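What you see is a predicted model; the values in this text were computed from it and never measured. Below, chain A is the first sequence line, B the second, and so on; all start at residue 1.
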Amino acid sequence: MRTWLMKSEPDVFSILHLAAQHVAGWDGVRNYQARNFLRMMRKGDRALFYHSNAHPPAIVGMIEIVQEAYPDSTQFDPASDHFDPASKREAPRWDQVDVKFLKVFGRELSLEEIRQIPQLQNMLLLKRPRLSIQPVTPEEWNFILKRVQD
DNA sequence: GCCAACGTTGGC
DNA sequence: GCCAACGTTGGC
(Lines give C-alpha, C1' and ligand atoms only; values in the text may rest on other atoms or scores of the structure.)
Protein backbone atom coordinates (compact mmCIF):
# COMPACT_ATOMS: atom_id res chain seq x y z
CA MET A 1 0.00 0.00 0.00
CA ARG A 2 1.31 3.43 -0.94
CA THR A 3 0.42 6.55 0.95
CA TRP A 4 -0.40 10.00 -0.40
CA LEU A 5 -1.56 13.49 0.46
CA MET A 6 -4.40 15.10 -1.49
CA LYS A 7 -5.38 18.76 -1.25
CA SER A 8 -8.81 20.26 -1.57
CA GLU A 9 -10.25 23.63 -0.69
CA PRO A 10 -12.94 23.02 1.94
CA ASP A 11 -15.12 25.76 0.45
CA VAL A 12 -15.24 23.69 -2.72
CA PHE A 13 -14.99 20.11 -1.45
CA SER A 14 -14.21 19.39 2.20
CA ILE A 15 -13.75 16.10 4.02
CA LEU A 16 -17.27 16.57 5.41
CA HIS A 17 -18.60 16.68 1.86
CA LEU A 18 -16.82 13.39 1.22
CA ALA A 19 -18.08 11.92 4.49
CA ALA A 20 -21.64 12.71 3.36
CA GLN A 21 -21.13 11.18 -0.09
CA HIS A 22 -19.03 8.29 1.20
CA VAL A 23 -17.38 7.82 -2.23
CA ALA A 24 -16.58 10.58 -4.71
CA GLY A 25 -14.56 11.22 -7.86
CA TRP A 26 -11.38 13.25 -7.34
CA ASP A 27 -11.57 15.31 -10.52
CA GLY A 28 -10.26 18.66 -11.67
CA VAL A 29 -6.55 17.90 -11.36
CA ARG A 30 -4.86 20.03 -14.03
CA ASN A 31 -1.19 19.74 -13.27
CA TYR A 32 1.00 17.13 -14.92
CA GLN A 33 3.04 16.14 -11.91
CA ALA A 34 -0.09 15.75 -9.81
CA ARG A 35 -1.72 13.75 -12.61
CA ASN A 36 1.27 11.45 -12.83
CA PHE A 37 0.97 10.72 -9.12
CA LEU A 38 -2.77 10.08 -9.57
CA ARG A 39 -1.88 7.49 -12.22
CA MET A 40 0.44 5.70 -9.78
CA MET A 41 -2.34 5.26 -7.25
CA ARG A 42 -3.65 1.74 -6.68
CA LYS A 43 -6.85 0.44 -5.19
CA GLY A 44 -6.39 0.21 -1.43
CA ASP A 45 -3.81 3.02 -1.24
CA ARG A 46 -4.56 5.55 1.46
CA ALA A 47 -4.22 9.31 1.52
CA LEU A 48 -4.23 12.18 3.96
CA PHE A 49 -6.94 14.72 3.18
CA TYR A 50 -5.50 18.25 3.37
CA HIS A 51 -7.60 21.40 3.51
CA SER A 52 -5.91 24.14 1.49
CA ASN A 53 -7.02 27.76 1.53
CA ALA A 54 -8.49 26.97 4.93
CA HIS A 55 -8.27 28.48 8.41
CA PRO A 56 -5.92 27.02 9.25
CA PRO A 57 -4.63 24.93 6.34
CA ALA A 58 -4.32 21.43 7.83
CA ILE A 59 -4.34 17.67 7.45
CA VAL A 60 -7.83 16.72 8.59
CA GLY A 61 -8.54 13.09 7.78
CA MET A 62 -7.89 9.89 5.88
CA ILE A 63 -9.30 8.52 2.65
CA GLU A 64 -8.81 5.42 0.50
CA ILE A 65 -8.41 4.99 -3.25
CA VAL A 66 -11.25 2.76 -4.47
CA GLN A 67 -10.98 3.29 -8.24
CA GLU A 68 -7.72 3.71 -10.12
CA ALA A 69 -7.10 6.45 -12.71
CA TYR A 70 -9.58 6.89 -15.57
CA PRO A 71 -10.36 9.90 -17.79
CA ASP A 72 -11.81 12.91 -15.98
CA SER A 73 -14.96 13.77 -17.91
CA THR A 74 -14.94 17.42 -16.82
CA GLN A 75 -12.09 18.06 -19.28
CA PHE A 76 -14.56 17.59 -22.16
CA ASP A 77 -17.37 19.68 -20.65
CA PRO A 78 -17.40 23.29 -21.89
CA ALA A 79 -19.60 24.22 -18.93
CA SER A 80 -17.05 22.97 -16.41
CA ASP A 81 -14.46 25.16 -14.72
CA HIS A 82 -12.02 22.38 -15.54
CA PHE A 83 -12.81 22.26 -19.27
CA ASP A 84 -9.67 21.75 -21.38
CA PRO A 85 -10.34 22.54 -25.05
CA ALA A 86 -6.98 21.07 -26.02
CA SER A 87 -7.81 17.62 -24.64
CA LYS A 88 -9.16 15.11 -27.17
CA ARG A 89 -11.48 12.22 -26.41
CA GLU A 90 -9.17 9.86 -28.31
CA ALA A 91 -6.30 10.95 -26.07
CA PRO A 92 -7.60 12.31 -22.78
CA ARG A 93 -5.06 14.47 -21.02
CA TRP A 94 -6.47 14.41 -17.47
CA ASP A 95 -7.43 11.56 -15.18
CA GLN A 96 -9.25 11.21 -11.91
CA VAL A 97 -9.50 8.53 -9.24
CA ASP A 98 -12.39 7.70 -6.93
CA VAL A 99 -11.87 7.97 -3.19
CA LYS A 100 -13.72 6.68 -0.13
CA PHE A 101 -14.09 8.47 3.18
CA LEU A 102 -12.36 6.70 6.06
CA LYS A 103 -12.16 9.13 8.98
CA VAL A 104 -11.90 12.64 10.27
CA PHE A 105 -8.93 12.82 12.65
CA GLY A 106 -9.54 13.52 16.31
CA ARG A 107 -7.36 16.55 15.89
CA GLU A 108 -6.09 18.38 12.85
CA LEU A 109 -2.41 18.78 12.06
CA SER A 110 -1.97 22.32 10.79
CA LEU A 111 0.60 23.47 8.28
CA GLU A 112 2.08 25.65 10.99
CA GLU A 113 2.58 22.63 13.27
CA ILE A 114 4.03 20.58 10.43
CA ARG A 115 6.61 23.31 9.82
CA GLN A 116 7.74 22.96 13.43
CA ILE A 117 8.11 19.17 13.50
CA PRO A 118 11.68 18.09 12.66
CA GLN A 119 10.56 14.65 11.40
CA LEU A 120 8.32 16.26 8.78
CA GLN A 121 10.71 18.80 7.30
CA ASN A 122 11.19 16.79 4.11
CA MET A 123 7.50 16.56 3.29
CA LEU A 124 6.71 17.68 -0.25
CA LEU A 125 3.97 19.78 1.33
CA LEU A 126 6.75 22.08 2.55
CA LYS A 127 9.10 21.72 -0.39
CA ARG A 128 6.57 21.88 -3.22
CA PRO A 129 3.78 23.98 -1.77
CA ARG A 130 1.65 24.04 -4.91
CA LEU A 131 1.60 20.32 -5.68
CA SER A 132 -1.94 19.10 -4.98
CA ILE A 133 -1.31 15.33 -5.13
CA GLN A 134 1.85 14.05 -3.52
CA PRO A 135 3.40 10.89 -2.05
CA VAL A 136 3.95 10.56 1.68
CA THR A 137 6.75 8.33 2.97
CA PRO A 138 5.92 5.48 5.41
CA GLU A 139 7.91 7.30 8.11
CA GLU A 140 5.95 10.52 7.60
CA TRP A 141 2.68 8.61 7.44
CA ASN A 142 3.29 6.75 10.70
CA PHE A 143 4.48 9.85 12.48
CA ILE A 144 1.46 11.86 11.40
CA LEU A 145 -1.01 9.14 12.38
CA LYS A 146 0.46 9.04 15.87
CA ARG A 147 0.09 12.81 16.13
CA VAL A 148 -3.58 12.89 15.14
CA GLN A 149 -4.81 9.94 17.22
CA ASP A 150 -8.07 10.56 18.97
C1' DG B 1 -7.45 40.87 -1.23
C1' DC B 2 -2.50 40.64 -1.85
C1' DC B 3 1.25 38.63 -3.67
C1' DA B 4 5.20 35.15 -3.92
C1' DA B 5 6.14 30.93 -5.98
C1' DC B 6 6.00 28.45 -9.74
C1' DG B 7 3.86 26.00 -13.76
C1' DT B 8 2.45 26.81 -18.59
C1' DT B 9 2.20 29.14 -23.01
C1' DG B 10 3.85 30.97 -27.02
C1' DG B 11 6.93 34.17 -29.72
C1' DC B 12 11.25 34.09 -31.52
C1' DG C 1 15.07 25.51 -26.83
C1' DC C 2 14.99 29.88 -24.35
C1' DC C 3 12.66 32.88 -21.71
C1' DA C 4 9.22 36.64 -20.94
C1' DA C 5 4.53 37.02 -20.10
C1' DC C 6 0.84 35.24 -18.05
C1' DG C 7 -2.18 32.41 -15.06
C1' DT C 8 -2.93 29.78 -10.89
C1' DT C 9 -2.21 28.11 -6.22
C1' DG C 10 -2.47 28.86 -1.75
C1' DG C 11 -0.56 31.09 2.58
C1' DC C 12 -1.22 35.08 4.97
Side-chain angles (χ1 to χ4, degrees), chain A residues 2-21 23-41 45-65 67-137 139-141 143-148:
Chain A
R2 293 199 215 203
T3 54
W4 309 91
L5 180 145
M6 301 170 78
K7 296 184 188 177
S8 182
E9 299 185 32
D11 289 349
V12 179
F13 188 75
S14 75
I15 194 155
L16 294 181
H17 290 118
L18 180 60
Q21 293 177 232
V23 171
W26 198 279
D27 59 17
V29 172
R30 294 295 180 270
N31 167 281
Y32 289 105
Q33 195 174 3
R35 180 204 67 185
N36 292 342
F37 283 132
L38 270 186
R39 288 179 172 173
M40 292 170 62
M41 290 177 167
D45 283 1
R46 292 186 168 186
L48 300 167
F49 196 118
Y50 178 88
H51 280 168
S52 60
N53 262 317
H55 309 287
I59 291 168
V60 296
M62 195 197 299
I63 62 183
E64 180 176 330
I65 310 306
Q67 177 64 55
E68 297 177 9
Y70 62 99
D72 173 353
S73 63
T74 64
Q75 69 194 300
F76 305 121
D77 177 5
S80 169
D81 288 343
H82 303 298
F83 178 56
D84 180 355
S87 184
K88 300 284 173 267
R89 284 189 180 273
E90 317 83 77
R93 180 176 293 183
W94 305 112
D95 282 357
Q96 68 174 79
V97 295
D98 290 347
V99 300
K100 179 175 77 173
F101 172 78
L102 290 184
K103 70 186 296 186
V104 174
F105 292 136
R107 62 190 197 86
E108 299 186 350
L109 186 61
S110 72
L111 179 61
E112 189 182 2
E113 291 175 88
I114 292 167
R115 284 212 174 99
Q116 293 167 359
I117 296 173
Q119 293 89 333
L120 300 181
Q121 291 311 294
N122 287 324
M123 284 192 78
L124 282 177
L125 188 65
L126 303 183
K127 298 190 175 290
R128 299 284 320 283
R130 293 180 48 184
L131 185 60
S132 64
I133 306 282
Q134 44 187 267
V136 172
T137 69
E139 292 77 16
E140 291 161 353
W141 179 268
F143 187 90
I144 290 167
L145 286 201
K146 257 186 281 176
R147 277 301 183 102
V148 297

Worksheet item: So which one's nearest nucleotide on DNA chain B is more toward 5', Asn53(A) or Gln33(A)?
Response: Asn53(A)
Fill in: Closest-nucleotide ordering on DNA chain B, the 5'-leading residue of Arg93(A) and Lys127(A)
Lys127(A)
Discussion item. Minimum heavy-atom separation for Ile133(A) and Phe37(A), please, with both atom names.
Written reply: O-CD1, 3.2 Å
Worksheet item: Is the Trp26(A) ring parallel, tilted or perpendicular to the Phe49(A) ring (thresholds 30°, 60°)?
Response: perpendicular
Worksheet item: If you measure from the Lys or Arg side-chain nitrogens to the Asp or Glu carboxylate oxygens, is any gap between Arg93(A) and Asp84(A) under 4.0 Å?
Response: yes
Worksheet, complete the sentence: Bounded by its outermost nucleotides with an atom under 4.0 Å from a heavy atom of chain A, the footprint on DNA chain B reads dA5(B) to dT8(B)
Practice prompt. Between Arg130(A) and Pro57(A), name the one whose nearest nucleotide on DNA chain C is closer to the 5' end.
Written response: Arg130(A)
Worksheet item: Stepwise, does the side chain to side chain donor-acceptor pair (under 3.5 Å) test hold for Ser87(A) with Arg30(A)?
Response: CA-CA 11 Å; Ser87(A) 184; Arg30(A) 294 295 180 270; over 6 Å; no
Item to complete: Just call it for Arg128(A): base, sugar-phosphate, or nothing, with non-hydrogen atoms closer than 4.0 Å on any strand.
Response: sugar-phosphate
Worksheet item: Heavy atoms, side chains only, cut-off 4.5 Å: are Leu120(A) and Glu140(A) in contact?
Response: yes
Worksheet item: What residue among Glu64(A), Arg2(A), Lys100(A) forms side-chain contact (heavy atoms from CB on, under 4.5 Å) with Arg46(A)?
Response: Glu64(A)
